[in-house]
Amino acid sequence: MRLVVALGGNAILRRGEKGTAEEQFGHVRHAAASLTAIVKEGHRIAITHGNGPQVGDILLANECAKETLPRMPLDVCGAESQGMLGYMIQQSLENALRDAGIERRVITVVTQTIVDRGDPAFSHPMKPIGPFYREPETRELGEKEGWTLHPVEGGLFRRVVPSPAPLKVVEESSIRTLVDEGFIVIAAGGGGIPVVQGESGNLEGVEAVIDKDLTAERLAQAIGADTLLILTDVMQVYLQFGTPCAEPIREARASEVRAWLKAGKFPEGSMGPKMEACARFVEEGGRCAIVTSLGKAADALEGRAGTRVVP
């Protein structure tokens, strides 16, 4: 099969860790072992990944150095994280494939994702990013940087940015060509670098964050993938998750997923975008979308684990 594999943030950095290179490489090497098992079956894959903690660290570093170096805009920070994480995944996967006696080339593509400048998200920024601030700082940041800051716990404030819908992956034709030629492609990290397109066709980065799972769906459509495989920290999706009445979902039709989404069964900041991406993928011609844990990826492709969404 031709797959797009979306790695969750837990595959790279876990809550409570410092975020050292050693910690992140350790998790990525573990992920590479699971990805190698998929490649060993002969599947052609493109890989995308989250970048939230890493972009947060880059923004914090910008803040710490603000008296010495200019702050970088959010699109540039996203590009930095794509390079860093792409390097980690690329090297780790190449090593794992070599150890398994598999000859496949791995390449990372710094990827831009087009969004609509008129997307309602730009009028209602809601995605929290970066460090926490005390109230006196918020006035200066709002006036000088043009940021929107919302109150959070403990009397602190945090910057919020738009999260517009992804329309198109700019480099999709190049990525598809690479997959056709047998490359394992790492692309669209963190949902892609958000850009808008002017009337002339020129691109310009914008301060926003795109949901990585929704971009993974766009990428899967663009490369003609059979399956969208979303890897997270649970083996399968549940209705009423976290309650005594939790009910595992083994397989569902897109129409059922739509009804659950409309009824608010999946949290917006957790499983909601994943299930939205799954429904979109099969509605637009994909064969199957799967949500499962990293360790169950190979089993899920064989129908032995995970939640499957079908047309």
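One is the number of the first residue; the rest follow in order along the sequence. Everything numeric here is computed off the predicted structure, so don't read it as measured data.
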(message) So which atom in Val152 and which in Arg158 form the shortest heavy-atom distance, rounded to 0.1 Å?
(response) CG1-CB, 4.2 Å
(message) Please enumerate all residues that pass side chain to side chain donor-acceptor pair (under 3.5 Å) together with Gln54, with sequence neighbours excluded.
(response) Gln24
(message) Is any side-chain heavy atom of Ser81 closer than 4.5 Å to one of Ile58?
(response) yes
(request) State, with a plain yes or no, whether a side-chain heavy atom of Asp75 is found less than 4.5 Å away from one of Glu204. (result) no
(message) Could you work out, with salt bridge (Lys or Arg N to Asp or Glu O under 4.0 Å) as the rule, every residue matching Lys265, not counting sequence neighbours?
(response) none
(message) Could you tell me if the side chain of Arg44 sits less than 4.5 Å from the side chain of Ile223, heavy atoms only?
(response) no
(message) Suppose clustering is done on Ile, Leu, Val, Met, Phe, Trp and Tyr with side-chain heavy atoms closer than 4.5 Å. Which residues sit in the same group as Val115?
(response) Phe122, Val196, Val206, Ile210
(message) For Glu103, is the CD atom crowded, meaning more than 12 foreign heavy atoms sit under 6.0 Å from it?
(response) no
(request) Flag the pair Leu228 / Ile290 as yes when at least one side-chain heavy-atom distance between them is below 4.5 Å, and no otherwise. (result) no
(request) Kindly say whether Cys245 contributes a backbone atom to a donor-acceptor pair with the side chain of Thr243 at under 3.5 angstrom? (result) yes
(request) Run through the side-chain heavy atoms of Ile, Leu, Val, Met, Phe, Trp and Tyr, join any pair under 4.5 Å, and report what else lands in Val160's cluster. (result) none
(request) Applying salt bridge (Lys or Arg N to Asp or Glu O under 4.0 Å), name anything that partners Glu207, two or more places apart in sequence or on another chain. (result) Arg159
(message) Please determine whether salt bridge (charged side-chain N to carboxylate O under 4.0 Å, His left out) holds for the pair Lys168 and Glu172, giving the CA-CA distance in whole Å, both sets of side-chain angles, and the decisive distance to 0.1 Å.
(response) CA-CA 8 Å; Lys168 177 183 173 68; Glu172 61 183 31; 2.8 Å; yes
(message) Using only atom types and a distance under 3.5 Å, with no angle test, would you say the side chain of Gln221 pairs donor to acceptor with the backbone of Phe281?
(response) yes
(message) Taking the side chain as everything from C-beta on, heavy atoms only, tell me whether Arg14 gets closer than 4.5 Å to Glu17.
(response) yes
(request) Considering only Ile, Leu, Val, Met, Phe, Trp and Tyr, and joining two whenever side-chain heavy atoms are under 4.5 Å apart, list the other residues clustered with Phe157. (result) Tyr133, Leu141, Trp147, Leu149
(request) Grab the two heavy atoms, one from Pro125 and one from Thr148, that are nearest each other, plus how far apart they are. (result) CG-OG1, 4.0 Å
(message) Under 6.0 Å between ring centres: does that hold for Tyr87 and Phe25?
(response) yes
(request) Could you tell me whether the side chain of His43 and the main chain of Met1 form a donor-acceptor pair under 3.5 Å? (result) yes
(request) Tell me, yes or no, whether the heavy-atom count around His124 atom NE2, taken from other residues, nucleotides or ligands under 6.0 Å, exceeds 12. (result) no
(request) Please examine the side chains of Arg105 and Glu94, heavy atoms only from C-beta on, and report whether any two atoms are closer than 4.5 Å. (result) no
(message) Can you confirm whether Thr232 sits close enough to Lys274 that some side-chain heavy atom of one is under 4.5 Å from a side-chain heavy atom of the other?
(response) yes
(request) State, to 0.1 Å, how close Thr36 and Ala100 come at their nearest heavy-atom pair, and which atoms those are. (result) CG2-CB, 3.9 Å
(request) Would you check, one step at a time, whether the test side chain to side chain contact (heavy atoms under 4.5 Å, CB included) holds for Ile38 with Leu229? (result) CA-CA 11 Å; Ile38 295 173; Leu229 178 60; 4.0 Å; yes
(request) Work out which heavy atom in Asn62 is nearest to a heavy atom in Cys77; give both atom names and the distance. (result) ND2-SG, 3.5 Å
(message) So does Glu135 get a backbone contact from the side chain of Thr138, meaning a donor-acceptor N/O pair under 3.5 Å?
(response) yes
Distance-only check: which donor-acceptor pairs under 3.5 Å involve side-chain atoms of residues 299-306, not counting sequence neighbours?
residue : atom : partner : partner atom : Å
Asp299  : OD1  : Arg304  : NH2          : 2.8

(message) Connecting only ILVMFWY residues whose side-chain heavy atoms lie within less than 4.5 Å of each other, what is the rest of Val55's hydrophobic cluster?
(response) Leu59, Leu74, Ile129, Val161, Val209
(request) Would you tell me whether His49 and Gln82 have side-chain atoms, one donor and one acceptor, within less than 3.5 Å of each other? (result) no
(message) Treating Thr113 as the side-chain partner and Pro166 as the backbone partner, does any N or O pair qualify as donor plus acceptor under 3.5 Å?
(response) no
(request) Measure from the side-chain N and O atoms of Thr215 to the backbone N and O of Lys212, and report whether any donor-acceptor pair falls under 3.5 Å. (result) no
(request) Would you please name every residue forming a salt bridge (Lys or Arg N to Asp or Glu O under 4.0 Å) with Glu284, sequence neighbours left out? (result) Arg218
(request) Taking atom types as modelled, find out whether Glu171 and Thr111 have a side-chain donor-acceptor pair closer than 3.5 angstrom. (result) no
(message) If the test is side chain to side chain contact (heavy atoms under 4.5 Å, CB included), which one of Leu7, Val106, Leu231 qualifies with Ile47?
(response) Leu7
Donor-acceptor contacts under 3.5 Å from residues 246-258 side chains, at least two apart:
residue : atom : partner : partner atom : Å
Arg253  : NH1  : Pro311  : O            : 3.0
Glu256  : OE1  : Arg253  : N            : 2.8
Arg258  : NE   : Glu283  : OE2          : 2.9
Arg258  : NH1  : Glu276  : OE1          : 2.7
Arg258  : NH1  : Glu276  : OE2          : 3.0
Arg258  : NH2  : Glu276  : OE2          : 3.1
Arg258  : NH2  : Glu283  : OE1          : 3.0

(request) Taking Thr307 for its side chain and Val237 for its backbone only, find out whether a donor-acceptor pair lies under 3.5 Å. (result) yes
Check: residues 178-187 side-chain donor-acceptor pairs under 3.5 Å, at least two apart:
residue : atom : partner : partner atom : Å
Asp180  : OD1  : Arg2    : NH1          : 2.9
Asp180  : OD1  : Arg2    : NH2          : 2.8

(request) Please assess Val291 against Val309 for the test side chain to side chain contact (heavy atoms under 4.5 Å, CB included), listing each intermediate value before the final yes or no. (result) CA-CA 8 Å; Val291 180; Val309 178; 6.0 Å; no
(message) Evaluate Ile230 against Cys278 for side chain to side chain contact (heavy atoms under 4.5 Å, CB included), listing each step before the verdict.
(response) CA-CA 9 Å; Ile230 298 177; Cys278 289; 4.0 Å; yes
(request) Determine yes or no for a side-chain-to-main-chain donor-acceptor pair under 3.5 angstrom, with Glu145 supplying the side chain and Gly142 the backbone. (result) no
(request) Using the test side chain to side chain donor-acceptor pair (under 3.5 Å), find all partners of Ser200 that sit at least two apart in sequence or belong to another chain. (result) Asn202
(message) Do Leu35 and Leu13 sit in one hydrophobic cluster, given that two such residues count as connected whenever their side-chain heavy atoms are within less than 4.5 Å of each other, even indirectly?
(response) no
(request) Taking Arg71 for its side chain and Lys66 for its backbone only, find out whether a donor-acceptor pair lies under 3.5 Å. (result) no
(message) Closer than 3.5 angstrom, by distance alone: can the side chain of Gln197 be matched with the main-chain N or O of Leu203 as a donor-acceptor pair?
(response) no
(message) Would you say that Val28 contacts Leu93 through its side chain, given a criterion of any heavy-atom pair below 4.5 Å between the two side chains?
(response) no
(request) Could you walk me through whether Ile175 and Val169 pass side chain to side chain contact (heavy atoms under 4.5 Å, CB included), step by step? (result) CA-CA 10 Å; Ile175 295 167; Val169 175; 4.2 Å; yes
(request) Kindly check if the number of other-residue, nucleotide or ligand heavy atoms within 6.0 Å of CZ (Phe241) is above 12? (result) no
